[in-house]
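If you're wondering where the values come from, they're calculated on a predicted model, not measured in any experiment. Quick note on labels: first sequence line is chain A, next is B, and so on, each numbered from 1.
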Amino acid sequence: DAGITQSPRHKVTETGTPVTLRCHQTENHRYMYWYRQDPGHGLRLIHYSYGVKDTDKGEVSDGYSVSRSKTEDFLLTLESATSSQTSVYFCAIRIGTGEETQYFGPGTRLLVL
Amino acid sequence: GENVEQHPSTLSVQEGDSAVIKCTYSDSASNYFPWYKQELGKRPQLIIDIRSNVGEKKDQRIAVTLNKTAKHFSLHITETQPEDSAVYFCAASLSSARQLTFGSGTQLTVLP
């Protein structure tokens, strides 16, 4: 499982509230990613990080922010949750500097009512 | 940016038959092509990958082929078993890029 955990694993929240999801890794990998998965859309990149305090936007970044103050933690924040952000969120890590392969965490199911 | 299209979106086969899933990509500079399997309620897991300096790669019952000229690659599963039932995703990436671009997935059902 490449030492990746996500918390919480399930969350129900209300529209307009802020939500923070956490991804934690134990092996000091440089690259970390946040994806959302929705039926018919596969896996879409939200944000990624290539080091502490170094982040960049992905394909569907609107409404999301991220932070990485420590190598092992990558946080995804929904600043004001909307029903369209109901999804399954996966964190991933990239192993090594020359290796493109990504390994996924167990996922977080988020329901925004 | 890269765009990956995956077909078919659903595929049903009889147990023991072969299954083929195809993907096309848009960026001719892409050179890394992984395939992921996702069982219901689980995380995507890497099952095989191929780089552009290789035309075919096999691992037991699964194989991936790459046609760089046509910009497409395919996943082949032989002697399918019920446990092969899952959603399969292809992806493409430049080795210098930081991102993978995923196809939209194929739901494979193996009928007993």
Side-chain angles (χ1 to χ4, degrees), chain A residues 1-7 9-10 21 23-25 29-51 54-61 66 68 74 87-109, chain B residues 1-10 21 23-27 29-54 57 59 64 73 75 86-108:
Chain A
D1 294 345
I4 312 168
T5 58
Q6 292 184 232
S7 59
R9 296 291 315 280
H10 302 269
L21 309 182
C23 178
H24 178 78
Q25 56 142 331
H29 296 295
R30 182 180 172 195
Y31 288 89
M32 299 183 75
Y33 302 81
W34 277 109
Y35 292 89
R36 61 178 288 173
Q37 184 175 35
D38 306 288
H41 291 280
L43 292 149
R44 293 182 292 174
L45 182 65
I46 306 171
H47 283 279
Y48 68 98
S49 170
Y50 48 97
D54 292 322
T55 64
D56 205 352
K57 295 179 179 180
E59 176 189 2
V60 290
S61 60
V66 290
R68 191 162 178 208
F74 190 31
S87 188
V88 179
Y89 291 86
F90 286 100
C91 174
I93 61 173
R94 177 173 148 174
I95 306 288
T97 56
E99 177 61 67
E100 303 89 343
T101 304
Q102 294 183 21
Y103 296 88
F104 288 85
T108 295
R109 290 188 174 274
Chain B
E2 177 65 276
N3 182 50
V4 177
E5 294 190 355
Q6 183 171 346
H7 300 280
S9 57
T10 61
I21 302 170
C23 290
T24 60
Y25 60 98
S26 61
D27 191 336
S30 288
N31 56 5
Y32 175 65
F33 307 93
W35 285 89
Y36 289 82
K37 175 184 180 182
Q38 186 178 27
E39 298 176 350
L40 188 63
K42 302 289 182 63
R43 73 188 79 190
Q45 293 198 305
L46 179 73
I47 55 171
I48 195 167
D49 56 14
I50 192 168
R51 300 181 190 282
S52 59
N53 58 347
V54 175
K57 184 177 178 180
D59 183 3
V64 57
F73 56 111
L75 179 70
V87 178
Y88 291 82
F89 292 98
C90 62
S93 171
L94 290 166
S95 62
S96 60
R98 297 163 170 172
Q99 305 175 29
L100 283 173
T101 301
F102 286 85
S104 56
T106 296
Q107 173 69 62
L108 173 64

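For the pair B:R98 and A:Y48, the cation-pi criterion (under 6.0 Å, within 45° of the ring axis) is not fulfilled.
When the candidates A:E59, A:Q102, A:R44, A:Q37 are compared by the number of heavy-atom contacts under 4.5 Å with chain B, A:Q102 comes out ahead. Among the candidates A:P39, A:A92, A:G42, the residue making the largest number of heavy-atom pairs closer than 4.5 Å to chain B is A:G42.
Smallest separation of non-hydrogen atoms from B:P34 and B:D49: CA-CB, 3.7 Å.
Proximity to chain A is limited to the side chain of B:Q38, based on heavy atoms less than 4.5 angstrom apart. Residue contact with chain A, scored on non-hydrogen atoms closer than 4.5 Å, involves the backbone and the side chain of B:P44 alike. With a threshold of 4.5 angstrom between heavy atoms, A:L43 approaches chain B through its backbone and through its side chain. Of the atoms belonging to B:L100, heavy atoms from both backbone and side chain fall under 4.5 Å from chain A.
With rounding to the nearest 0.5 Å, the separation of OH in A:Y35 from CZ in B:F102 is 4.5 Å.
Between the side chains of B:E2 and B:S26, at least one donor N or O sits under 3.5 Å from an acceptor N or O.
In this structure, B:W35 and B:F73 have perpendicular ring planes: the angle between them is above 60°, well past the 30° mark.
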